Amino acid sequence: MSKKTPSKTPGAIRGTQDIFGADAEAFAFVVETFERVRRLYRFRRVEMPVFEKTEVFARSLGETTDVVSKEMYSFDDRGGDSLTLRPEFTAGIARAYLTNGWQQYAPLKVATHGPLFRYERPQKGRYRQFHQIDAEVIGAGEPQADVELLAMADQLLKELGIHDVTLHLNTLGDGESREAWRAALVTYFGAVKDQLSEESQERLEKNPLRILDSKDARDKPFLAGAPKIDAFLSEEASAFFAAVTSGLDAAGVKWVRAESLVRGLDYYRHTAFEFIPDEGSASAAALGSQSTVLGGGRYDGLMESLGGPATPAVGWAAGIERLAMLVGAREAELLEAVVLVEHDDGIAEANRVLAKLRAGGVISEIVASGSVKKRYDKAVKQSPQHILRVNETGYYAISGEGSTDRIVTALNQTSSPRA
RNA sequence: GCGAUCAUAGCUCAGCUGGUUAGAGCGCCGGUUUGUGGUACCGGAGGUCACGGGUUCGAACCCCGUUGGUCGCCCCA
C-alpha cells in the first residue's frame, strides 16, 4: 500500500451513489420482489437502452417545460446528434412500441427496471442517477387495465412489507374535461392573483394545476374553494373513473380520493395516482420531503406526440432507492460454512473442501490469512452456521449448531464439480 | 437557480474561552494470555484537522473565499 496517492483521487459525480452493504441488500430485495410480483401479473420483461435521441423525450414531455430545458442529461454525439440519458422509462418504451411493431402484441404488459438520469440538485431520496422499477400497459383503453396495474402496485408494496402508504387517486378526465377545469382554475386563481405567492402567480401562467399542491401558506386559504374536476367531467370520464374505483374496491385495494393530485404534463388523461406515506408514519419520516413512493397515470396522448397512432396506455414507476429506505436494512446472505485453515500446509485441502461445498450449493467462505492464532476468531466473527477445520494433515473437524446434512452431502460428492 | 447546515484517522466521533508532540472507540496488523475457543491485556500502522487566503506572538478552533457532502425551496416526467 503506497502511503500517498500520486495525484488526487477523482471524486464521484454529484448525485451518484455507491451502494453497498445493508443498503445494497435492500435494493436487491426490492428488485427481486418486483420481478416476482410482475410475473404473477404476466407483465413481460423488457430491456431498454439507457439513452435515446433527445427528441424522444423532448417531444413526449413537451419542448417548453422546465423538465426538458433544464433537467435532462443531454449531449451531442460524434455525429452531431443530440442524445439524452433517459430521465424516465415511458417515452423510450413508447418509442420502442412504435419502432418495433409491438402493436401486434397489444394490449402489451411490460415491466423493466434500471438507472435513470435527471440533472437536479440532490437531496434526500433524489439523485442524478437513480433507479426505478416500471410497469406499463400499452394499447389498453379500458379501466380494467388501470385496476390491474394498481393492484400489482399495491401487492408489491405489501410484499415489500410496506403497510403505511396509501393510494391517492384522482381523475383528470378526458381532454375536454381537463381543459375546462384548467380554464376554471385560471379564472378562479386569477381573481385573487395579488394574494397568491410569487411562485403561484408564475404557476398561473405556466402550470395552473400545480397551484393546487402549493406548500405556501399564502396559497392555502384559496385551495379549498377552488373548482373541482368533478364538475367538469364528461359522462364517459365519470363512468371511467367509477369503473376504476369499483374495480379497486373489488380487488381489495385501499385508496383515497385526492382531488388536487395532478400531473404536470399535458398527455395525461383520466387516472392519476400516487402511493404516499400516511401522515406521521415511519415511512413519511424516512422519506423527508420526497413523499411519493410510486406514481403514474394514464397517458393516452403520448403515442401521438411521437408520431404514432392514438394508443391508450397506463403505467407507473417507483424509485428503488426510496422503496429501499422503507424496506429498511436487510441482512446479507446467511453464511453456512467457513473453512478454517489452521496451518498453511492445509491450503490445498481447504480449497478442495471449499470447492465441494460450493458445488453442493453450500454458501461458504474461507479464512486462511493473517495470524494463525487469530483465524478462529476471524471465522467466528462472520457468524457462520458451521466451521470446518483444516490443519496440515487435512480436514478433520466440524463445529457449530444445527444440522450438518447439507455440508456432509456436499463433501461426499465423488466427482469434482469441473470434471 | 435560491437558502440553511456541515467538513478532524479507513468508519463513528471528541477536542473546553485560540495555547506545547491532535485524541477515543471500532476496524486493520502483530505479540502475550486462553486452548474446542466469539476472552483479556500489550503494541503497531494510519491525520499537510477539505482546500486557499487573512487576523494573531500562536489557528482544528476566529474572518473571507473555494470545493464537496447533507437537508430544504423551485421543479418533479
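The model shown is predicted, which means the values in this text are computed figures rather than measured ones. Lettering follows sequence order; numbering is per chain, from 1.
- A gap of 27 Å separates the C1' atoms of A24(B) and C62(B), to the nearest Å.
- When the shell of 6.0 Å around CZ of F51(A) is examined, it contains 12 or fewer heavy atoms from other residues, nucleotides or ligands.
- Between G37(B) and R389(A), no contact under 4.0 Å exists linking OP1 or OP2 to a side-chain N or O.
- Distances shown here put a side-chain N or O of S289(A) below 4.0 Å from the OP1 or OP2 atom of C73(B).
- Residue R375(A) is out of contact with every strand shown, counting any heavy-atom pair closer than 4.0 Å.
- Electrostatic pairing of D230(A) and R257(A) counts as a salt bridge here, judged by a charged N lying under 4.0 Å from a carboxylate O.
- At the heavy-atom level, Y268(A) lies under 4.0 Å from the strands shown only through sugar-phosphate atoms.
- In this structure, of G38(B), A77(B), C75(B), it is G38(B) that holds the atom nearest to the side chain of S383(A).
- R14(A) comes within 4.0 angstrom of sugar-phosphate atoms only, judged by non-hydrogen atoms across all strands, and of no base.
- Side-chain N/O atoms of K124(A) include none lying less than 4.0 angstrom from OP1 or OP2 on U70(B).
- Side chains of L287(A) and P277(A) form a contact here, defined as non-hydrogen atoms less than 4.5 Å apart.
- Protein atom CG of D134(A) is 11 Å distant from nucleotide atom C1' of A77(B), rounded to whole Å.
- Side-chain nitrogen and oxygen atoms of K381(A) include at least one within less than 4.0 Å of the OP1 or OP2 phosphate oxygen of G27(B).
- For the pair L294(A) CG and A77(B) C1', the interatomic distance rounds to 14 Å; values are reported in whole Å.
- Taking atom C1' in both A14(B) and G52(B), one finds a spacing of 27 Å when rounded to whole Å.
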Dot-bracket pairing map - RNA chain B, Watson-Crick plus G-U, both contacts under 3.5 Å, | cross-strand
(((((((..((((.....[...)))).(((((.......))))).....(((((..]....))))))))))))....
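- One interatomic measurement links the two molecules: OH of Y376(A) to C1' of U33(B), which rounds to 18 Å at whole-angstrom precision.
- With both ends at atom P, the span from C64(B) to G69(B) equals 22 Å, rounded to whole Å.
- Taking the nucleotide of RNA chain B with the nearest heavy atom to each of G15(A) and S369(A), the more 5' of the two is matched to S369(A).
- The backbone N or O of L83(A) lies less than 3.5 Å from a partner atom in the side chain of T54(A), making a donor-acceptor pair.
- Taking atom P in both G3(B) and C61(B), one finds a spacing of 25 Å when rounded to whole Å.
- Looking only at distances, a side-chain donor or acceptor of N170(A) sits under 3.5 Å from a matching main-chain atom of A258(A).
- Under 4.0 angstrom from either OP1 or OP2 of C28(B) there lies no side-chain N or O belonging to K378(A).
- Within the structure, the salt bridge (Lys or Arg N to Asp or Glu O under 4.0 Å) test picks out the following pairs touching residues 388-402 of chain A (sequence neighbours left out): E342(A)-R389(A).
- In this structure, CD of Q132(A) is placed 11 Å from C1' of C76(B), rounded to the nearest angstrom.
- Of the candidate nucleotides C2(B), C76(B), G37(B), C2(B) has the atom nearest to the side chain of R121(A).
- Heavy atoms of G288(A) sit under 4.0 angstrom from primed sugar atoms or phosphate atoms, though from no base atom.
- Distances shorter than 4.0 Å separate some side-chain N or O of R203(A) from OP1 or OP2 on C75(B).
- T292(A) and E274(A) are linked by a side-chain donor-acceptor pair at a separation below 3.5 angstrom, with hydrogens and angles left out of the test.
- Listed pair R210(A) / A77(B) meets the phosphate criterion, a side-chain N or O lying under 4.0 Å from OP1 or OP2.
- Listed pair Q123(A) / C71(B) fails the phosphate criterion, with no side-chain N or O lying under 4.0 Å from OP1 or OP2.
- Distance alone, capped at 3.5 Å, places no donor-acceptor pair between the R406(A) side chain and the S403(A) backbone.
- Residue-to-nucleotide contacts include a donor-acceptor pair under 3.5 Å from the side chain of K374(A) to the base of G31(B).
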With side-chain contact (heavy atoms from CB on, under 4.5 Å) as the criterion, how do R39(A) and R45(A) come out once you've worked through the C-alpha distance, each side chain's angles and the decisive distance to 0.1 Å?
CA-CA 9 Å; R39(A) 283 193 181 90; R45(A) 173 80 204 196; over 6 Å; no
